[in-house]
Amino acid sequence: MFVAVICLCIIVGHLLVENRWINESITAIVIGCITGTIILFWSKGTSSHILRFDEQLFFMYLLPPIIFNAGFQVKKKKFFHNFFTIILFGVVGVFISFVIISAGSWWLFPKIGFHGLDARDFLALGVIFSSTDTVCTLQVLSQDETPLLYSLVFGEGVVNDATAVVLFNAIRKIDASKLAGWSAVHVFGDFLYLFSTSTILGIATGLGTAYCLKVLYFGKHSTDREIALMVLMAYLSYMLAELLNLSGILTVFFCGIIMSHYAWHNVTVNSKITTRHIFATLSFIAETFIFLYVGMDALDIEKWKMTITNTSLLTTFGIYFTIIALILVGRATFVFLLSSLSNYFNSNSPSSKITFKRQVIIWWAGLMRGAVSIALAFSQFTISGITSDPVNATMITSTIVVVLFTTLIFGFLTKPLINFLLPHRTRGINSHSESDSNKDDADVYMPLFSSEDVSGMIQVKRSLSALLERPVHTIHVYWRKFDDNYMRPIFGGPS
């Protein structure tokens, strides 16, 4: 039944692909709601689900293909060219939003008459509602017409999800009865440890796969073997991270980046085409699956009964309004603040400047909440999708309402907003200016002691000056030299 409904989502989504108001996420949620309503009447009010939510199903089977495909399909040149800004939004931004939402809910929930959450629950809420879903916006933006904007929105969306999951895992280790001033230090320390070790594991797995494919050359016998090796090694990286209590989401993301940079170039042409479509297809099915379930879970009568009996209608709507308001404020705070900081560091690169209109789009792109928020909420407040605590049930229904509201309402308005702020005739201008400015910058990045016309000391001075003025760009240039001279001869890559 569930597979049949997914097929229906694909067909309806295809028919509505040109609609200016609808996207595939909204389509899946609406069909999920309709299906849930039919099941609800069919079962005489006892259930609205075809199946029950299982966090193991989500974290072990649905999330890995989504995150791996994001790393595998990422435009690496743009991603690392804007790496500093993406990390600002995806890591620092999550912490700012997390603090605002956690502190705001801690202060406001008792004022609107809602009690029963402990300190760790409030911290978890901050993470749950700091996780964004940028699918709606990415379906509207074009990589060719708005390369900078697409890179920032896509990069931040992936890093944001990874940061949220890592931070959530760090918070779950806290003893709520022993919260003290050092707790924040411990959370930050755990976050840094998980972030660094998970990244290293993902890179190591990706490099190991690339080396095997290059040395053994599976394609001379069967393309099936090299495709199978890439798929299984990607999944193995995620499972290893989970086994070692690291962040599987970060590991598989960086494994995807490394595989697309090295391993993908070591396989046959048929395998290159096949792997891209396989990973994209698995990711698409997993996302559709999740949004369908969200639509059906919105009609879970048991959770709504517990919510209504424990909380007044006024308090319930107060919770919804408070969470949405905190999301808006938290998002606006870090987007406009960190955009100014990014513009300051990129003052010598006009093409990398984030204008006010771009800032508004980036702010809007991160207002939608999606699959990761749902999964984290179920993980915190339920056991296999079931809870008997009215307070936890209220938080689950609140999360579902916020996800539905932000996805449907903000998602409906995404296309008109972007068309208004970025008219079609002006979208392509930035791509030309970027390429022109890159040509101008080419003379700045000169290797140490490589010019015959300039003395060694002057060359060093120029390189250091470039590093101080535009550190990310300069480091990227030296990384390219190292990659071309040492990494690609060993692990493979484009000639």
Side-chain angles (χ1 to χ4, degrees), residues 55-72 74 79 83 86-95 97-98 120 123-134 154-174 183-209 232-260 279 283 286-287 290 369-380:
E55 67 179 72
Q56 184 179 14
L57 170 69
F58 178 83
F59 283 106
M60 288 297 158
Y61 305 110
L62 297 180
L63 193 58
I66 296 173
I67 301 301
F68 178 81
N69 183 63
F72 194 78
V74 70
F79 181 84
F83 188 72
I86 289 172
I87 291 299
L88 271 181
F89 288 154
V91 178
V92 180
V94 168
F95 273 91
S97 179
F98 157 70
R120 188 164 57 182
L123 294 176
L125 278 180
V127 180
I128 290 167
F129 293 112
S130 294
S131 174
T132 64
D133 179 44
T134 57
F154 176 83
E156 189 234 335
V158 175
V159 176
N160 173 290
D161 285 347
T163 304
V165 174
V166 174
L167 185 57
F168 182 80
N169 290 335
I171 286 172
R172 295 193 76 175
K173 297 178 181 179
I174 295 177
S183 298
V185 178
H186 288 306
V187 169
F188 188 69
D190 286 342
F191 172 81
L192 290 180
Y193 168 76
L194 289 172
F195 200 97
S196 57
T197 51
S198 302
T199 301
I200 291 170
L201 178 60
I203 292 173
T205 309
L207 290 176
T209 307
L232 292 175
M233 286 297 288
Y235 191 61
L236 177 64
S237 70
Y238 186 89
M239 300 299 287
L240 278 174
E242 293 298 317
L243 184 66
L244 298 172
N245 293 319
L246 302 177
S247 171
I249 189 172
L250 259 181
T251 299
V252 80
F253 172 65
F254 279 98
C255 181
I257 291 179
I258 296 298
M259 277 196 185
S260 68
F279 295 139
S283 174
E287 287 183 355
I290 293 164
R369 297 294 176 265
V372 175
S373 294
I374 289 289
L376 295 181
F378 272 86
S379 182
Q380 177 68 20

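Taken from OG in Ser97 to CG in Asn160, the straight-line distance is 8.0 Å, to the nearest 0.5 Å. Of the inter-residue distances, the one linking Ser247 atom OG with Phe254 atom CZ reads 10.0 Å to the nearest 0.5 angstrom. To the nearest 0.5 Å, the span separating CG on Leu63 from CG on Asp161 amounts to 7.5 Å. Interatomic distance, CG of Asn245 versus OG of Ser198, reported as 10.0 Å (0.5 Å rounding). Of the inter-residue distances, the one linking Met60 atom CE with Glu242 atom CD reads 4.5 Å to the nearest 0.5 angstrom. Atom OG of Ser379 and atom CG of Asn169 lie 8.0 Å apart (nearest 0.5 Å).
Between Phe168 and Ser131, every side-chain heavy-atom pair lies at or beyond the 4.5 Å cut-off. For the pair Phe95 and Leu167, the minimum side-chain heavy-atom distance is below 4.5 Å.
Between the side chain of Ser196 and the main chain of Leu192, a donor-acceptor pair closer than 3.5 Å is present.
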Could you go step by step and tell me if Phe195 and Thr163 meet the side chain to side chain contact (heavy atoms under 4.5 Å, CB included) rule? CA-CA 8 Å; Phe195 200 97; Thr163 304; 4.2 Å; yes

Is there a side chain to side chain contact (heavy atoms under 4.5 Å, CB included) between Thr199 and Phe253 once you walk through the steps? CA-CA 8 Å; Thr199 301; Phe253 172 65; over 6 Å; no

What's the verdict on side chain to side chain contact (heavy atoms under 4.5 Å, CB included) for Ile290 and Leu62, showing C-alpha distance, side-chain angles and the deciding distance? CA-CA 8 Å; Ile290 293 164; Leu62 297 180; 3.9 Å; yes

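In terms of heavy atoms, Leu194 sits closest to Val166 at CB-CG1, 3.6 Å. The two atoms that bring Ile128 and Ser373 nearest to each other are O-OG, 2.8 Å, heavy atoms only. Taking both residues in full, the closest heavy atoms of Ser283 and Ile66 are given as OG-CA, 3.5 Å, listed atom of the first, atom of the second, then distance. In terms of heavy-atom proximity, Met233 sits nearest to Thr205 at O-CG2, 3.6 Å. When all heavy atoms of Ser130 and Val94 are compared, the closest pair comes out as OG-O, 4.0 Å. When all heavy atoms are compared, the tightest approach of Ile171 to Ala124 is CG2-N, 4.3 Å.
With sequence neighbours excluded, no residue forms a ring-ring contact (aromatic ring centres under 6.0 Å, His included) with Tyr235. Taking the ring-ring contact (aromatic ring centres under 6.0 Å, His included) definition, one finds that Tyr238 meets it with nothing, sequence neighbours left out.
Considering Leu201, Ile200, Leu240 in turn, Leu201 is the only one that fulfils the side chain to side chain contact (heavy atoms under 4.5 Å, CB included) rule with Leu246.
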